[in-house]
There are 2 protein chains.
Amino acid sequence: MNSITANAQPLEATVAELSRAVGLLLRRLRAESNADELTWSQTVALSHLEQAGAMTTAELARAEQVKPQSMGATLAELEREGLVARQPHPTDGRQVLFALTSEGVRARRKRSAAKQKWLLDAMGALDTSEQRTLIAAAELLKRLAETHAEEE
Amino acid sequence: MNSITANAQPLEATVAELSRAVGLLLRRLRAESNADELTWSQTVALSHLEQAGAMTTAELARAEQVKPQSMGATLAELEREGLVARQPHPTDGRQVLFALTSEGVRARRKRSAAKQKWLLDAMGALDTSEQRTLIAAAELLKRLAETHAEEE
DNA sequence: TATTGTTATACTCTATAACTATA
DNA sequence: TATAGTTATAGAGTATAACAATA
């Protein structure tokens, strides 16, 4: 319809394909994750804690855009497994800080590599320009996910 | 470590970021989907049937890389809601073809636009080169998701 | 009053296992 | 025997609602 051939595809079709691709890939990531002892959600929570040192339930929930109750369930499970531990918040008695235990650190290091190995291998099989596309896309997808719905 | 600056980031970091971005976006897509009367999985199944006309449980399961039992559950729910109907397979008595009913077509058309409206809006807010990146990424993500794990 | 977290409950999505019917 | 589908069961992930403690 116009001369920008790379954009000839209507945005609707791209949205549909992108949605489906994202669904397929996440299902695959979860399935691979299950081969390990950590679930997908647990892995994500642990990696936040590894980066940040200690976070509250509410902070983690905001980072992953889930409800605090949902994150609370994930943290409770990790705590039961001894991978995270609570610390009192220094100034606010309502809040609870969670941090990796030494076993949590160990588990995280040991498993994170193996966990996403298939994706690493699959990405390694792409050529350099394709890898660059995905690096850029990761940033864009994050931005899309964080777009507010209440903009209309 | 080398001169290709766009690739200076280790692939591991990209894999982690891409995984997380995909998780965030799908969670968001599901949440928006719930505002509708169709769930995410139902929507995906309906769009396959809309494109293909009629498909068997096994075909749909393969297309979405889930087990036949899982797809069977989704189809059973859609059937209960009157959005899809069974047809006997012309030559194989074991197989069952599913197709959209007229209500299924109507529901699909009516809802598909609204369903992904926020993503359409969000993508519309990106510039042309960013949109192009996502168009290319959709294809790559699909390819990644379909990579076999058993390659090692 | 507002915020943080917890407990209780339910729904969606998906899997595995065991089964029936047909090829 | 192999394949398509169904039924039963379970676990992960998430949500909403109602509550308690603290700010």
Side-chain angles (χ1 to χ4, degrees), chain A residues 20 22-46 54-81 84 86-98 115 145, chain B residues 19-20 22-46 54-81 84 86-98 145:
Chain A
R20 181 161 165 274
V22 162
L24 283 176
L25 186 57
L26 188 66
R27 200 179 293 125
R28 182 64 187 278
L29 283 166
R30 282 190 191 280
E32 297 288 339
S33 189
N34 288 348
D36 243 327
E37 296 110 68
L38 291 176
T39 67
W40 174 259
S41 302
Q42 289 171 355
T43 303
V44 174
L46 289 182
M55 293 174 78
T56 66
T57 305
E59 283 169 347
L60 281 162
R62 271 192 297 273
E64 280 304 306
Q65 297 180 208
V66 296
K67 300 298 169 192
Q69 297 96 316
S70 303
M71 186 54 72
T74 299
L75 288 169
E77 181 61 23
L78 286 170
E79 189 182 25
R80 249 188 354 98
E81 292 172 4
V84 304
R86 294 160 185 262
Q87 300 168 358
H89 191 283
T91 62
D92 187 334
R94 297 169 303 179
Q95 299 185 47
V96 182
L97 284 164
F98 286 88
K115 181 169 306 281
Chain B
S19 300
R20 181 161 165 272
V22 162
L24 283 175
L25 187 57
L26 188 66
R27 201 180 292 125
R28 182 66 185 277
L29 283 166
R30 283 191 191 278
E32 298 287 339
S33 190
N34 287 348
D36 245 326
E37 296 112 68
L38 291 176
T39 68
W40 174 258
S41 302
Q42 289 170 356
T43 304
V44 174
L46 289 181
M55 292 174 79
T56 66
T57 306
E59 283 169 347
L60 281 162
R62 269 193 298 274
E64 281 304 306
Q65 297 180 208
V66 296
K67 299 298 170 194
Q69 298 96 316
S70 303
M71 186 54 72
T74 300
L75 288 169
E77 181 60 25
L78 286 170
E79 188 182 25
R80 252 191 349 100
E81 292 171 4
V84 303
R86 296 161 181 261
Q87 300 168 358
H89 191 283
T91 62
D92 187 335
R94 296 169 303 179
Q95 298 185 50
V96 183
L97 284 165
F98 285 90

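The structure displayed is predicted, hence computed values, not measured ones. So that the names make sense, note that chain A is the first sequence line, chain B the second, and so on, each numbered from 1.
In the set C:dA21, C:dT14, D:dA21, the nucleotide with an atom closest to the side chain of B:Ala73 is C:dT14. Across D:dG5, C:dT6, D:dT14, the shortest atom-to-atom separation from the side chain of B:Gln95 is found for D:dG5.
Between A:Leu38 atom CG and D:dG13 atom P the separation is 10 Å, expressed in whole Å. Counting to the nearest Å, the P atom of C:dA15 and the CD atom of A:Glu32 are 12 Å from each other. A:Trp40 has its CH2 atom 14 Å from the C1' atom of D:dA12, to the nearest Å. The CZ atom of B:Arg62 sits 13 Å away from the C1' atom of D:dG5 (whole-angstrom rounding). Between the CZ atom of B:Arg30 and the P atom of D:dG13 there is a distance of 12 Å, rounded to whole Å. B:Arg27 has its CZ atom 21 Å from the P atom of C:dC11, to the nearest Å. The distance between atom CZ of A:Arg28 and atom P of D:dA12, rounded to the nearest whole Å, is 21 Å. Spacing between atom NE2 of B:His89 and atom P of C:dA23 amounts to 10 Å, rounded to whole angstrom units.
Contacts of A:Thr56 with the nucleic acid, taken as non-hydrogen atoms under 4.0 Å apart, involve only primed sugar atoms and P, OP1 or OP2.
Close to C:dT4, at under 4.0 Å from its OP1 or OP2, lies no side-chain N or O of A:Thr57. Checking the phosphate oxygens (OP1, OP2) of D:dT14, a side-chain nitrogen or oxygen of A:Ser41 falls inside 4.0 Å. Between D:dG13 and A:Thr39, a contact under 4.0 Å exists linking OP1 or OP2 to a side-chain N or O. Contact annotation: B:Arg86 side-chain N/O to D:dT6 OP1/OP2 distance is under 4.0 Å.
Side-chain atoms of B:Val66 and B:Leu60, non-hydrogen and from C-beta on, never get closer than 4.5 Å to each other. For the pair A:Leu29/A:Leu26, a side-chain contact is recorded, criterion being any heavy-atom separation below 4.5 Å from C-beta on. B:Glu64 is listed as a side-chain neighbour of A:Arg20, based on a closest heavy-atom distance under 4.5 Å.
Each of A:Gly72 and B:Gln69 was matched to the nucleotide of DNA chain C holding its nearest heavy atom; the match closer to the 5' end belongs to A:Gly72. In this structure, A:Gly93 and A:Pro68 both approach DNA chain D, and ranking their closest nucleotides by distance from the 5' end singles out A:Pro68. Taking the nucleotide of DNA chain D with the nearest heavy atom to each of A:Lys67 and A:Asp92, the more 5' of the two is matched to A:Lys67.
At least one donor-acceptor pair closer than 3.5 Å links the side chain of B:Gln65 to the backbone N or O of B:Ala145.
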Using the rule given for salt bridge (Lys or Arg N to Asp or Glu O under 4.0 Å), can you reason through A:Glu59 versus A:Arg62, listing the C-alpha separation, both sets of side-chain angles and the distance that settles it, and then say yes or no? CA-CA 5 Å; A:Glu59 283 169 347; A:Arg62 271 192 297 273; 5.2 Å; no
